[in-house]
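Protein chains get the first letters and strands the later ones, always in sequence-line order, with residue 1 at the start of each. Only heavy atoms go into these numbers, but all of them, side chains included; no hydrogens, no water, no symmetry mates. Note that this is a predicted model, so its numbers are computed, not measured.
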2 protein chains.
Amino acid sequence: MDGRKRGTGATTLTDVAQLAGVSLATASKAMNGVSQVRAETRQRVLDAAATLSFTPNPFAKALNSATTGTIGMLTQDLDNRFVLPVLLGAEDAFGAGSTSVLLADARSDSIRERHQLGMLLAKRVDGLLVVGRTTNPRASLTAGLKVPVVYVYAPSDDPADLSFTPDNFDAGRQAVDHLLSRGRRRIAFINGDPSYSAAQDRVAGATSRLAEEGLSLVGGADLFGPWGERWGRRCTESLVESGVQFDALLCGSDQLARGALDQLRESRRSVPDDVAVMGFDNWDLLAEEARPPLTSVEMNLEQLGRSAALELVAAIGGTTARGVRRGAVRVVPRESTGSWLHTDGGGTSADTGTRETGTS
Amino acid sequence: MDGRKRGTGATTLTDVAQLAGVSLATASKAMNGVSQVRAETRQRVLDAAATLSFTPNPFAKALNSATTGTIGMLTQDLDNRFVLPVLLGAEDAFGAGSTSVLLADARSDSIRERHQLGMLLAKRVDGLLVVGRTTNPRASLTAGLKVPVVYVYAPSDDPADLSFTPDNFDAGRQAVDHLLSRGRRRIAFINGDPSYSAAQDRVAGATSRLAEEGLSLVGGADLFGPWGERWGRRCTESLVESGVQFDALLCGSDQLARGALDQLRESRRSVPDDVAVMGFDNWDLLAEEARPPLTSVEMNLEQLGRSAALELVAAIGGTTARGVRRGAVRVVPRESTGSWLHTDGGGTSADTGTRETGTS
DNA sequence: TTGTAAGCGTTATCAG
DNA sequence: CTGATAACGCTTACAA
């Protein structure tokens, strides 16, 4: 359409300079606010740029600025509900600045991950955000890279790297805290797959908090099984049948908790009056529609992604940080832990409560 | 570390040429396989490149090739479980080629969407994939853009654009087909939010298929309500209480179906013996853990993303296509529709069926 | 077949 | 304060 020899046809700084009646160099300075340019001149250039709706070519720019305004987000498994919020937070944080995000997914394949890494590097990203699939530590990729890398969700196994991961240990502690605050003392813990550090850390946190009260989990601390409602049901069933007394059921995930709730209903245990139930992850879809709505621990994944992004930007800027940062979590109370144990909410008496144990 | 005046320190084509003992131009030709280069020379260059682990600077490349090897993925709402598979499919399809994906999320804000669009364009993407939040048609963004745009999930409201969206109408038809094949004839439909075209299309498809058999939905075709288990339960309850006879319950989503299953259990209706239940979306997490496991319609979102990506690549290549393409869907049978109506469990006769109705 | 040189759009240096 | 001019790394006529 355009008589030029080459070029994209987009308006260039030269066009702007021409319209503004200044030299290319001056136009550049005016646009970037650097160097001394008379206010009037700058305005003229800016106006010209606006009229032509000029957008600087980022490639020409990147060609001599050593930084490209792009970061790579390398996910291990995009098809994972936990990475979504992380992605969102990160994208948001970057977008607020002016860096944009190049996405690459490894599909849980380390060969493919290597390949994607190469591709991202070839695109000259300024930094890398590596988003894991679980909270289990993962192999570091940092060796030999000249760009900063930040790991999110799955921390790097190299302590010299910087990682962000949710604080599952504290999540366990806070959960117990919450249950204690509801007057529960006989807490059972149904857990997920033991190969997940999330499962291990959550129960460890819970145990630790209980120990401070001189308590321990009833029914044992090793009720591991597949994540999922089915195991939640089965495990709850055995627990009930075993005759172990418990007034709270802490479940390693909301899914497990859903199964537990179903089973408790069938066993005619009232929630929360007989048994308080809570989960982890605060997956609204499951938690809010549960009967009763499920108290859960929000892992603040979006915030985690945001923090990681911010820190990556900082690292690109030159700062160097290392170690594993554990993102804050918080309990979101709903009805499943809604009542103080043995109140006469429904109509019963009995104040066998042990509130005096409270430490604060 | 390096005495150069500027530059990133990365090895350049000039380095390669030097090592190979040829001119810059020859090196370039050798690398790109164009023009006539003696095989031996090319090999020498390739070797040199390998030794230096040379990666061409994409910016320098883009600067004179009019195409950048990057597409923009503009999502309306990343925090949506339906976009994940689409993203995955698209990323995969692009990755297979050598285009990479720039991600931008609009957070359901049209102002922000405009902004992100601008940013993507400023980055000189070769094309745009616009991923919607629902399957409702959305405002076209194509006007005035010089890069091709393909819409996924939410189709564009401009028929001149190219859109990919799941075939909800056919999903409704196939669902009914499946239920009919199980001997069910009194089918009730519980639906989600009527403002979703998915809800409308699914029930329309179901109705259409039933009509072919001279049937219609029992309990009416307007049981719309909020997506979610709660509505599934409530709606099922009224249905049961209303005394309407039904041998199948088709639910507008797996979530609704989960609610329905719960309610049916409480109403002592056996699934699938008394009532077959099925949903849409085939959300494994819900469907597989349901009691019994839930038959559902798989919307093939990943494939949808892949197709859209492929078509975008084609469009960048110069082809022009328009209109709305509806992605194929398929029923995934599980136990909730597992039995032929009125068998007696183990393996009986009873051919009360109406198989002869089949049109083909 | 290979090399020279002219861009691509910007920024940075250094004179005016 | 402004303007030539030389990079940045690569592709591509055009010569040799």
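- The CD-P distance, from A:Gln36 to D:dG3, rounds to 15 Å in whole Å.
- Distance A:Lys29 NZ to D:dT2 C1': 6 Å, rounded to the nearest Å.
- Checked by distance alone, B:Asn57 brings no side-chain donor or acceptor within 3.5 Å of a matching partner on the base of D:dC10.
- At whole-Å resolution of the value, CG in A:Asn32 and P in C:dG9 are 17 Å apart.
- Here the side chain of A:Tyr151 pairs a donor or acceptor atom with the backbone of A:Leu141 at under 3.5 angstrom.
- Note: CD (B:Gln43) to C1' (C:dT1) measures 17 Å, nearest angstrom.
- In this entry the distance linking CZ of B:Arg124 with C1' of C:dC8 reads 12 Å, nearest Å.
- In the set D:dT11, C:dA12, C:dT11, the nucleotide with an atom closest to the side chain of B:Leu13 is D:dT11.
- Rounded to an integer number of Å, the gap from CG of A:Leu24 to P of D:dC1 is 20 Å.
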Verdict with supporting geometry, A:Arg112 and B:Asp92, salt bridge (Lys or Arg N to Asp or Glu O under 4.0 Å): CA-CA 11 Å; A:Arg112 204 181 141 96; B:Asp92 187 50; 3.5 Å; yes
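- Of all nucleotides listed (C:dT1, D:dC10, D:dT2), D:dT2 comes nearest to the side chain of A:Arg38.
- For D:dT11, the OP1/OP2 oxygens have a side-chain nitrogen or oxygen of B:Ser28 closer than 4.0 Å.
- The distance between atom CZ of B:Phe54 and atom C1' of D:dC10, rounded to the nearest whole Å, is 8 Å.
- Put simply, CG on A:Leu63 is 12 Å from P on C:dA12, counting in whole angstrom units.
- Of the side-chain N and O atoms in B:Thr41, none sit less than 4.0 angstrom from OP1 or OP2 of C:dT1.
- Where B:Thr26 and B:Phe59 each meet DNA chain D at their nearest nucleotide, the meeting point lying more 5' is that of B:Phe59.
- Remark: B:Ser23 is not in phosphate contact with C:dT2, judged by side-chain N or O atoms under 4.0 Å from OP1 or OP2.
- Residue A:Asn57 holds its CG atom at 9.5 Å from CG of A:Leu63, rounded to the nearest 0.5 Å.
- Around atom CZ of A:Arg81, more than 12 heavy atoms belonging to other residues, nucleotides or ligands sit under 6.0 Å away.
- Comment: A:Arg133 does not engage A:Glu113 in a salt bridge, judged by the lack of any side-chain N to carboxylate O separation of less than 4.0 angstrom.
- In this structure, B:Arg42 and A:Ala60 both approach DNA chain C, and ranking their closest nucleotides by distance from the 5' end singles out B:Arg42.
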